[in-house]
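Here's the structure, in structure tokens; my notes come after.
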Amino acid sequence: MLDMKMIRQNLDWYKNKMAERGVEAETIDKLMELDNQRRDLIVKSESLKAERNEVSDQISHLKRNKENADDAITRMREVGAEIKQLDEQLEQVKTEQDDLEAHLPNVPHDGVPVSLTEEGAVELRKVGTPRKFDFKPKPHWEIGENLDILDFKRSAKVAGSRFVYYLGAGSMLERAVYNFYLDENDKAGYTEIIPPYMVNSASMFGTGQFPKFKENKAGFEIKDSDLTMIPTAEVPLVNFYRDEVIPSEKLPVKFTALSPAFRSEAGSAGRDTKGLIRLHQFNKVEMVQFTKPEDSWDALENITHQAESSLKKLGIPYHVITLTSSDMSFTASMTHDIEVWMPSQDCYREISSCSNTTDFQARRAHIQYRDENGKLQYIHTLNGSGLAVGRTVAAILENFQNDDGSVNIPEVLQPYMHGMKKITKQELF
RNA sequence: GGAGAGUUGGCAGAGUGGUAAUGCACCGGACUCGAAAUCCGGCGAACCGAGCUUAUACUCGGCGCGCAGGUUCAAAUCCUGUACUCUCCUCCA
């Protein structure tokens, strides 16, 4: 959500910033036109209301003194009708303006590479060296199915495409990964939370998914209810403080949560149709921070490094990129993506997305704190995957696969798997 | 799922048609060497708009009693719908 006063005062700057995200100048012009109309109507309506209040007071006095007030009442009847008409117009304009505002993305930070496509993302750093294979590395779904730890046939029968069954050691690996991540985040000072996996519309609006998410049918809404399956734990974590004032001595607040994420993947037809990369339901460990405005840019680096540190311990090669102005999510002012090396695809694939949404979500969700002067200010919110669990399992299977089809388990995960060092083909049932 | 009760300022708590009592807390002042007590004054920094502006400062106005509508010259008060909380019953991991 936007600060209209700020936009009014810095209109050209705002137009340029929105242009970086592909928003046309005409849209902003329309917004300003509506804003002017709205304020004009407010002035008219409010002056009539002031008159009504004054005369009503007189009527009340007249009646108390048993005097006749018919004239005033007749006059106020007309004023009342006029007010009603103005307020109806006002409501209409306001709805239109709100709708327009709700669709405008966050302002990109000056450090964000400007581009109207995803081309132009800046690589910040590359960590680890992709392994040289002396055999042809298999894709993770083949490895998983051969080892009998992933079953995509039965998940298709039972639920449909883009679902999976993890079996035996596969299931154990998934849970080892998320327990490892949660422990790492705990150690870094993030409070662990188990949130609701369904949320109401106000929450979806608060974090910026609605209205676009709804229009694009990007998620799973529960029929005949106001609930939506969460597309990320970011939604219940950020909305934890919706409509609240966080005591400033508590800042920064850091949350982490494991949750399934539910996404319809509409518009992704034909992309990543196999394997664990793009499912309707996947596990993700999420990190969220609430900070004072002056601390949020440091916090973005901090949250990104936290996600990276877990990956380093796993020993999976990755790089970090800063997304372009148009490739970022709607709410972000700057986003660092972490991408892991996937040998079978010979490229890096996203495993984490860390964003500073500045005060954008805080305005929508009304999350504030009191500054040193006791004034209410919007806080800044940040979110980052720390990290996607299914994609981690995919990366482990591919990066640590052996010629004989077995997979080595990263050392840091072995304690989480009863000391197992290697996954070999299992006899299950 | 059924029945009932409730939702008012930071907290407590009045108000059943005439424009939000009161207490506590908080802020300022007086008294005091200082503090406490007492006294005086202030107290919707939730939001919107106008004027004046460097200003989120100030002045004025609107709005404001869970939310959304309706009736009325006038609604916290009356009517309708709805959300949430609590209690009881039912059901259930």
Side-chain angles (χ1 to χ4, degrees), chain A residues 1-10 13 31-102 194 196-206 210 221-222 224-228 236 239-250 292-294 358-359 362-380:
Chain A
M1 203 54 97
L2 325 165
D3 183 347
M4 277 307 299
K5 275 185 192 153
M6 187 274 288
I7 293 173
R8 264 180 239 148
Q9 284 162 10
N10 306 282
W13 169 84
L31 178 71
M32 294 316 291
E33 189 190 321
L34 289 166
D35 189 54
N36 286 329
Q37 279 181 35
R38 182 180 62 88
R39 285 183 297 144
D40 192 44
L41 286 165
I42 286 174
V43 171
K44 286 179 181 159
S45 168
E46 288 192 352
S47 71
L48 287 175
K49 281 173 183 168
E51 185 188 348
R52 180 176 68 183
N53 287 342
E54 200 181 320
V55 176
S56 283
D57 199 42
Q58 290 167 14
I59 292 173
S60 142
H61 279 91
L62 288 171
K63 292 230 170 196
R64 236 175 256 156
N65 299 331
K66 309 273 190 215
E67 288 177 52
N68 188 296
D70 289 356
D71 281 358
I73 288 177
T74 312
R75 219 150 35 86
M76 284 308 99
R77 199 171 284 159
E78 283 167 28
V79 170
E82 216 174 318
I83 289 172
K84 192 174 179 184
Q85 203 217 333
L86 284 170
D87 280 352
E88 273 165 16
Q89 283 181 47
L90 178 62
E91 183 58 31
Q92 212 178 334
V93 171
K94 195 174 175 308
T95 304
E96 210 177 324
Q97 184 180 359
D98 286 348
D99 188 57
L100 199 55
E101 275 187 54
I194 300 178
Y197 297 157
M198 298 180 214
V199 295
N200 57 28
S201 300
S203 299
M204 288 294 278
F205 183 86
F210 281 4
E221 297 179 50
I222 308 297
D224 298 322
S225 91
D226 189 41
L227 296 169
T228 301
N239 280 282
F240 182 86
Y241 279 124
R242 177 152 55 79
D243 296 325
E244 291 191 32
V245 176
I246 307 178
S248 63
E249 66 270 17
K250 285 194 177 178
K292 294 180 185 175
E294 61 267 31
T358 58
D359 63 357
R363 285 178 186 281
R364 291 183 157 234
H366 305 119
I367 307 173
Q368 299 170 304
Y369 78 103
R370 280 181 203 285
D371 65 18
E372 309 75 47
N373 303 318
K375 292 233 180 286
L376 285 174
Q377 304 279 3
Y378 287 111
I379 56 145
H380 280 196

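Values below: every heavy atom of this structure, side chains too, minus hydrogens, waters and symmetry copies. Labels below follow one simple rule: chain letters A, B, ... track the order of the sequence lines, proteins then strands, and each chain is numbered from 1. From a predicted model like this one, the values you see are computed outputs, not experimental measurements.
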Next item on the list: Could you pull out all residues at least two apart from A/Arg242 that satisfy salt bridge (Lys or Arg N to Asp or Glu O under 4.0 Å)?
Entry: none
Check: Partners of A/Glu46 by salt bridge (Lys or Arg N to Asp or Glu O under 4.0 Å), sequence neighbours excluded?
Finding: none
Can you tell me how far [atom1] in [N] sits from the matching atom in [M], rounded to whole Å?
| N | M | atom1 | value |
| --- | --- | --- | --- |
| B/G66 | B/G15 | P | 15 Å |
| B/G13 | B/G6 | C1' | 14 Å |
| B/U53 | B/U59 | C1' | 12 Å |
| B/A36 | B/C86 | C1' | 41 Å |
| B/G23 | B/A14 | C1' | 11 Å |
| B/A57 | B/A75 | P | 30 Å |
| B/A76 | B/U7 | C1' | 12 Å |

Item checked: Base B/U19 paired with A/Ser60 side chain (donor-acceptor, <3.5 Å) -> no
Return the value, rounded to whole Å, for the distance between atom [atom1] of [X] and atom [atom2] of [N].
| X | N | atom1 | atom2 | value |
| --- | --- | --- | --- | --- |
| A/Met6 | B/A55 | CE | C1' | 17 Å |
| A/Gln97 | B/G49 | CD | C1' | 13 Å |
| A/His366 | B/C67 | NE2 | P | 14 Å |

Next item on the list: Indicate the atoms forming the closest heavy-atom contact of A/Tyr369 with A/Ile246, along with that distance.
Entry: CB-O, 3.3 Å
Mind checking what makes side chain to side chain donor-acceptor pair (under 3.5 Å) contact with [X], not counting sequence neighbours?
| X | result |
| --- | --- |
| A/Gln377 | A/Asp371 |
| A/Asn53 | none |
| A/Ser60 | A/Arg64 |
| A/Arg52 | none |

Checklist line | Within 6.0 Å of CE in A/Met4, more than 12 heavy atoms from elsewhere | finding: yes
Check: Just wondering, are more than 12 heavy atoms of other shown residues or ligands nearer than 6.0 Å to CD1 in A/Ile222?
Finding: yes
Check: Do the side chain of A/Arg364 and the main chain of A/Phe205 share a donor and acceptor less than 3.5 angstrom apart?
Finding: yes
Shorter than 3.5 Å, N or O on both sides, protein versus nucleotides 59-63 of chain B: list them out with atom names.
unit_1, atom_1, unit_2, atom_2, d
B/G61, N2, A/Glu46, OE1, 2.8
B/G61, N2, A/Glu46, OE2, 3.4
B/G62, OP1, A/Asn53, ND2, 2.8
B/G62, O2', A/Glu46, OE2, 3.0
B/C63, OP2, A/Asn53, ND2, 3.2

Notebook entry, point to check: Do the side-chain N or O atoms of A/Arg39 get closer than 4.0 angstrom to the phosphate oxygens (OP1, OP2) of B/C48?
Noted result: no
Notebook entry, point to check: Quick one: is A/Arg8 getting a side-chain N or O under 4.0 Å of the B/G49 phosphate, OP1 or OP2?
Noted result: yes
Provide a list of protein-nucleic acid N or O atom pairs under 3.5 angstrom, restricted to nucleotides 78-83 of chain B.
none

Distance-only criterion, 3.5 Å: show the donor-acceptor pairs between side-chain atoms of residues 78-92 of chain A and protein atoms not counting sequence neighbours.
unit_1, atom_1, unit_2, atom_2, d
A/Asp87, OD1, A/Ser45, OG, 2.9
A/Asp87, OD2, A/Lys49, NZ, 3.1

Next item on the list: Enter the distance from A/Gln58:CD to A/Ile73:CD1 here, rounded to the nearest 0.5 Å.
Entry: 12.0 Å
Checklist line | Those residues of residues 74-91 of chain A lying under 4.0 Å from RNA chain B by at least one heavy atom | finding: A/Met76, A/Arg77, A/Lys84
Check: Stem ranges for RNA chain B, with three or more consecutive Watson-Crick or G-U pairs under 3.5 Å?
Finding: B:1-7 with B:83-89, B:10-12 with B:22-24, B:26-30 with B:38-42, B:47-51 with B:58-62, B:66-70 with B:78-82
Check: Does some side-chain heavy atom of A/Glu51 sit less than 4.5 Å from a side-chain heavy atom of A/Arg75?
Finding: yes
Note to self: Tell me every residue that passes ring-ring contact (aromatic ring centres under 6.0 Å, His included) with A/Tyr378, counting only those two or more places apart in sequence or in another chain.
What the structure shows: none
